[in-house]
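Each remark here refers to the structure printed beneath this line.
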Amino acid sequence: MPQYFTPGVYVEEVPSAIKPIAGVGTSTAGFIGAVANDVQMPLIPGRTGLKAGGKTAEPADFYPLAPAGVPQLVDGWERFKTLFGDGVKPGNRTLAQAVYGFFNNGGGRCWVTRLEPGSGDGKQGAKGPADLLPADETVTGALDAFAVIDEIALVAVPGATSDAVQSALLDHCENEYLRDRFAILDGRRTATPITAEIRGGVRDSSYGAIYYPWIDVGAKDAAGGTLYVPPSGHIAGVYARVDAERGVHKAPANEVIRGALGVETPVGKQAQAGLNPDDINVIRRFDANVTIWGARTLAGADHSEWRYISSRRLFNYLRESIDQGTQWVVFEPNAPELWSKIRRNVSAFLTTVWASGALLGATPEQAFYVVCDETTNPREVRDLGQVVTEVGVALVKPAEFVVFRLSQWDGAAR
């Protein structure tokens, strides 16, 4: 409190009780993939790639390959090429196609960790992989390196369909310190859409979604045939595009995959009827458009409140935003004045979320509630050094089944 000794007018700056909560990012992806140590790297601009006389290639003229196991920030396709190669030749094609698809579909930033190819390459999938895959046991270490990068919200290991890798991705996203992340999984490759083969042994989890089938992006394999690539990288880009254009509350479905020319295994309406109940999101071709035609997590029937991707990701967004936006509360005096500030700040944030169309209700009062008072903070709670706030939100769910009831009308008043 300032001390005043001389009569006069004094102007003081008083900090506002409102500390705005900013929404966190939801579309930064983390990719893990195999890149061979001898992959062809692009030339540094201005270099010839040859020594004097034009006989021997000079390694110093090429961009150096990024070290294995170290996450690299990639903010565009050109940056990826200088770190990992362009994917034109074998050695990094699966990872390169995934990251290119991410940027082509609307992604803006991603972190990429390269691993050395595993010894089991060529055995995953009924028709063989598009290119090299990392060894299953190395993926967990790469995910641990992602744990300290707070901005990552989506994770994928393109092309890796083993139960071990996909379970590791789900475990990573379900970690109590990382529950703002979502795993995008590739379905196993099959000649026909058989549910058990597509999903393999991956367990139920609301923190991941699986997509089938693999897609044609116009690339050719070594024999000159169509190279089908895993869709997870492209789909991560669609997530980012929908988040930017509509918001994280919009299901990333009924969206066209840019760069996709076709699918490996066409799935019709009848076949999808057998896949949708098992939470397999199908990619279908409608005329010239290859479209995501599913919006379900792997939560399973026992956790229907988290059935949809948009519900889980919106809740992740709310939780992480409130968490980061209220860090100033730590060590503040735990009294009614603090409770009032918390209510105002969280309510102001949720009102903004409601106004964007993410919450269900004609008014903010119908869409959410925030309770932080003596009922949530009795003396025994305060004595533990805790301040407890209860927040409830009404999430908007996607219209998965749109039903029109048609009948004949005789013109009489209804």
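Along the sequence shown, residues carry numbers from 1. The figures here come from the full heavy-atom set of this structure, side chains too, leaving out hydrogens, waters and symmetry mates.
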Partners passing side-chain hydrogen bond (donor to acceptor under 3.5 Å, both in side chains) against Arg199 (at least two apart in sequence or in another chain): Asp204
Side-chain H-bond candidate by donor/acceptor type, Asp136 with Ser162, under 3.5 Å: yes
Check: Gly101 main-chain N/O paired with Asn105 side-chain donor or acceptor under 3.5 Å: yes
Close side-chain approach of Leu169 to Ile184, heavy-atom, < 4.5 Å: no
Neighbour count >12 (heavy atoms, 6.0 Å) for atom CD, Glu337: no
Reported OH-to-CG distance for the pair Tyr212 and Asn281, which is rounded to 0.5 angstrom: 13.5 Å
Stepwise side-chain contact (heavy atoms from CB on, under 4.5 Å) check, Val112 with Leu83: CA-CA 10 Å; Val112 180; Leu83 291 169; over 6 Å; no
Asp180 side chain vs Glu320 backbone, donor-acceptor pair below 3.5 Å: no
Minimum side-chain heavy-atom gap Arg114-Asn37 below 4.5 Å: yes
Smallest separation among heavy atoms of Thr326 and Ile21, with atom names: CG2-CD1, 4.0 Å
Ile257 vs Ile292, side-chain contact (heavy atoms from CB on, under 4.5 Å): CA-CA, chis, key distance, verdict: CA-CA 7 Å; Ile257 302 177; Ile292 301 172; 3.8 Å; yes
Which atom of Val290 lies closest to which atom of Ile283, heavy atoms considered: CG1-CG2, 3.4 Å
Side chain Arg382, main chain Asn377, donor-acceptor under 3.5 Å: yes
CG on Leu227 to CZ on Arg93, rounded to 0.5 Å: 6.0 Å
Non-hydrogen atoms of Lys341 and Trp328 that approach each other most closely: CB-CH2, 3.8 Å
Arg188 and Thr161 side chains, donor-acceptor separation under 3.5 Å: no
Aromatic plane relationship, Tyr317 with Phe349 - under 30° parallel, 30 to 60° tilted, over 60° perpendicular: tilted
Side chains of Val387 and Glu332 in contact at under 4.5 Å (non-hydrogen atoms): no
4.5 Å side-chain heavy-atom contact, Val229 and Ile215: yes
Ser27-Asp243 side chain donor-acceptor pair, cut-off 3.5 Å: no
Within-4.5 Å side-chain heavy-atom neighbours: His303 and Thr297: no
Over 12 foreign heavy atoms within 6.0 Å of CZ, Phe286: yes
Side chains of Pro378 and Val381 in contact at under 4.5 Å (non-hydrogen atoms): yes
Closest non-hydrogen atom pair, Thr192 against Thr190: O-OG1, 2.5 Å
Enclosure of Gln270 CD (heavy-atom neighbours >12, cutoff 6.0 Å): no
Candidate pair Arg246 and Glu255, rule salt bridge (charged side-chain N to carboxylate O under 4.0 Å, His left out), full reasoning: CA-CA 12 Å; Arg246 299 285 300 278; Glu255 298 287 337; 5.5 Å; no
pair Leu350-Val393: side-chain heavy atoms closer than 4.5 Å: yes
Any donor-acceptor N/O pair, Ser304 side chain to Ala301 backbone, under 3.5 Å: no
Salt bridge (charged side-chain N to carboxylate O under 4.0 Å, His left out) partners for Glu390, two or more places apart: none
Minimum heavy-atom distance between Ile309 and Ala209, given as atom pair plus value: CD1-CB, 3.7 Å
Intermediate values then yes/no, side-chain contact (heavy atoms from CB on, under 4.5 Å), Phe146 and Leu178: CA-CA 10 Å; Phe146 278 169; Leu178 297 173; over 6 Å; no
Spatial distance of atom CG (Leu338) from atom SG (Cys372) [nearest 0.5 Å]: 6.5 Å
No-hydrogen, no-angle side-chain donor-acceptor test under 3.5 Å, Gln366 and Trp354: no
Side-chain donor/acceptor of Ser321 to backbone N/O of Val24, under 3.5 Å: yes
Side-chain donor or acceptor of Trp77 paired with backbone N/O of Val99 under 3.5 Å: no
Arg284 CZ: over 12 foreign heavy atoms closer than 6.0 Å: yes
Smallest separation among heavy atoms of Ala145 and Pro71, with atom names: CB-CG, 3.8 Å
Salt-bridge present (Asp279, Arg296; N to O < 4.0 Å): yes
Side-chain donor or acceptor of Gln327 paired with backbone N/O of Asp323 under 3.5 Å: yes
Distance, nearest 0.5 Å, that separates CG of Leu360 from NE2 of His249: 12.0 Å
Arg319-Asn316 side chain donor-acceptor pair, cut-off 3.5 Å: yes
Under 3.5 Å donor-acceptor, Asn289 side chain and Val256 backbone: no
Check against side-chain contact (heavy atoms from CB on, under 4.5 Å), Phe103 and Cys110: CA-CA 9 Å; Phe103 289 118; Cys110 65; 3.8 Å; yes
Cation-pi geometry met for Arg181 and Tyr207 (6.0 Å, 45°): no
Separation between CG of Asp186 and CH2 of Trp214, rounded to the nearest 0.5 Å: 6.0 Å
Heavy-atom side-chain contact between Asn334 and Trp339 under 4.5 Å: yes
Flag, side chain of Thr82 to backbone of Tyr63, donor-acceptor distance under 3.5 Å: no
For Ser205, the option from Arg312, Glu174, Gln166 that meets side-chain hydrogen bond (donor to acceptor under 3.5 Å, both in side chains): Glu174
Distance in Å, Asp61 CG paired with Ile44 CD1, rounded so as to fall on 0.5 Å steps: 7.0 Å
Flag if over 12 foreign heavy atoms under 6.0 Å of CZ, Phe315: no
Donor-acceptor under 3.5 Å (Gln272 side chain, Trp293 main chain): yes
